[in-house]
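Contents: one structure, followed by commentary.
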Amino acid sequence: MKHRVKFEVNGEAAEIEAEPRETLLDVVRERFGLTGAHAGCEHGACGACTVLVDGAAVRSCLLFAVQCEGRSVQTIEAFGTPAALHPMQEAFRTHHALQCGFCTPAMVLTAIDMLAHSPNATETEIRAALAGNLCRCTGYAGIVDAVCSLAGREPVDS
Amino acid sequence: MKPAPFEYVRATQLGDALAALASDDDAKVIAGGQSLVPLMALRLARPALLVDVNDLPLDTVEVANNEVRLGSLVRHVRLERDAVVVRAAPLLAEAAALIGYPAIRNRGTLGGSVAHADPAAELPAALVALDGVVLAEGREGTRRISARDFFEGFLTTVLAPDELVVGVQVPVAAERHGASFREWAPRAGDFAVAGVAVVIELDAGGVCVSLGAAACGVGSTPVDLHEVLTDAGVLGASDVGDSLLRSTAQAAARTARGDDDREQLVGLLTAAALHDAFARARGGDASGTGVAA
């Protein structure tokens, strides 16, 4: 049986009908065309599908869309524009923190959530927070540098 | 879309949740979903009905009568950050900080971790160490189940299929309380190979008058180390010198005998956690650091 779900997607009210087994990831990609949330492992291991729900980073592959009634969902598309990047996106650009780009939206959102709660996070804390997001280009050094730069930390020598 | 099809009901009242659970033999509770949904994505779990309990008023932290009562929907991130939890149940705060990754901790719940009963999970071991109580609600009423009796085996508890964990209760950390959770995982956030929780209380003279300890990642349930540490002489000790740490480590290691990966590790983690617990009890700083060993 399909369920009606009313929620907010990137600041706009939305209403959909969804089968219970459709994940939030399925819905943001296929119904809303928000393909910045990437489908990697689809069972919670890789972190590529990270979005913000009520401001907190979550794995959208582990949340069914029907569970999002009344929630506010933000994907990477809600942050910055090509002309005016979000400070985290700018930091990623400056520190060459992306290669193929597959893990990047999730890395950026994870880092935004982390610094919102720990604005002066240490490099160790930053590495621990990002450990749940896999980068198969192994570009971690640049990513850590980028997040460190916004936490007021000297970027590591890489 | 990887899970098999299922029906879904969102409960807004406890009675509705219990009725829905009883309505289908293949019904399953979903709270944070951080263990259940991966199992569904891999089709290792194929519930016919998911009963969503996220709207029940169980995201609660209360302190009364020297007990901390935590609702089952308290998420790991709240255990980690909530000032009341950090002060009154520092072992739970430290254990929660070791679970998975931030995105997992933003969703995963205390009740879910307890009911799922993964032998590698931190919170079940912490509850056993604290001699906590699991509060289960069924249509016949509430059961108070000692954490030491709650876990039966791998992913198995004494919970009836139509019962719901609504909360847990642990004693409030006393003044000279010291707690520590040490674990080792190959990568931050991975399932720990093993972990050890130790909690002690010192009297005014600095003598250990109460202790609890448990290991995760060893065996099919949390392993209660209370007797092991008591027999090793920790109870009544006023200091943890090298010889007491060594003999306690050896005794704890024996609980994992035959497991080449874990035998020494459990000993080392026990010694490290015991050392931390004494230091924190003495320093009056019982708050955890969340660091791995």
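Throughout, a chain's letter reflects where its sequence line sits, starting with A, and its residues are numbered from 1.
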**Study point:** Short N-O contact, A/Glu69 and A/Lys6, less than 4.0 angstrom
**Key:** no
Point to revise | Residue A/Asn133 versus chain B: region with a heavy atom under 4.5 Å | key: neither
Check your understanding: Which atoms form the tightest heavy-atom contact between B/Val61 and B/Val85, and what is the distance?
Key -> CG1-CG2, 3.9 Å
Check your understanding: Below 4.0 angstrom, N of the basic side chain to O of the carboxylate: do B/Glu94 and B/Arg182 qualify?
Key -> no
Review point. So which of A/Thr23, A/Val58, A/Val66 has the biggest tally of heavy-atom pairs under 4.5 Å with chain B?
Key: A/Val66
Check your understanding: For A/Glu19, is it the side chain, the backbone, both or neither that has a heavy atom under 4.5 Å from a heavy atom of chain B?
Key -> side chain
Exercise for review: Using non-hydrogen atoms and a 4.5 Å limit, figure out which bit of B/Arg105 sits close to chain A: side chain, backbone, both or neither.
Suggested key: neither
**Study point:** Part of B/Leu36 lying under 4.5 Å from any heavy atom of chain A
**Key:** neither
Exercise for review: Name the option with the most non-hydrogen atom pairs under 4.5 Å to chain B; the candidates are A/Leu25, A/Thr110, A/Leu109, A/Asp26.
Suggested key: A/Asp26
Study note, to complete from the structure: On a heavy-atom basis, the closest approach of B/Val196 and B/Ala273 is O-CB, 3.9 Å
Review point. At their closest point, which heavy atom of B/Ala185 faces which heavy atom of B/Ala192, and how far apart are they?
Key: CB-CA, 3.9 Å
Check your understanding: B/Tyr8 versus chain A, heavy atoms under 4.5 Å apart: side chain, backbone, both or neither?
Key -> both
Check your understanding: Is it true that B/Lys2 and A/Glu42 have a side-chain N and a carboxylate O under 4.0 angstrom from each other?
Key -> no
Review point. Among B/Gly100, B/Pro5, B/Ala41, B/Gly189, which has the most heavy-atom pairs under 4.5 Å with chain A?
Key: B/Pro5
Point to revise | Region of B/Leu39 in contact with chain A, defined by heavy-atom distances below 4.5 Å | key: neither
Point to revise | side chain to side chain contact (heavy atoms under 4.5 Å, CB included) between A/Ser72 and A/Val53, worked out | key: CA-CA 6 Å; A/Ser72 167; A/Val53 173; over 6 Å; no
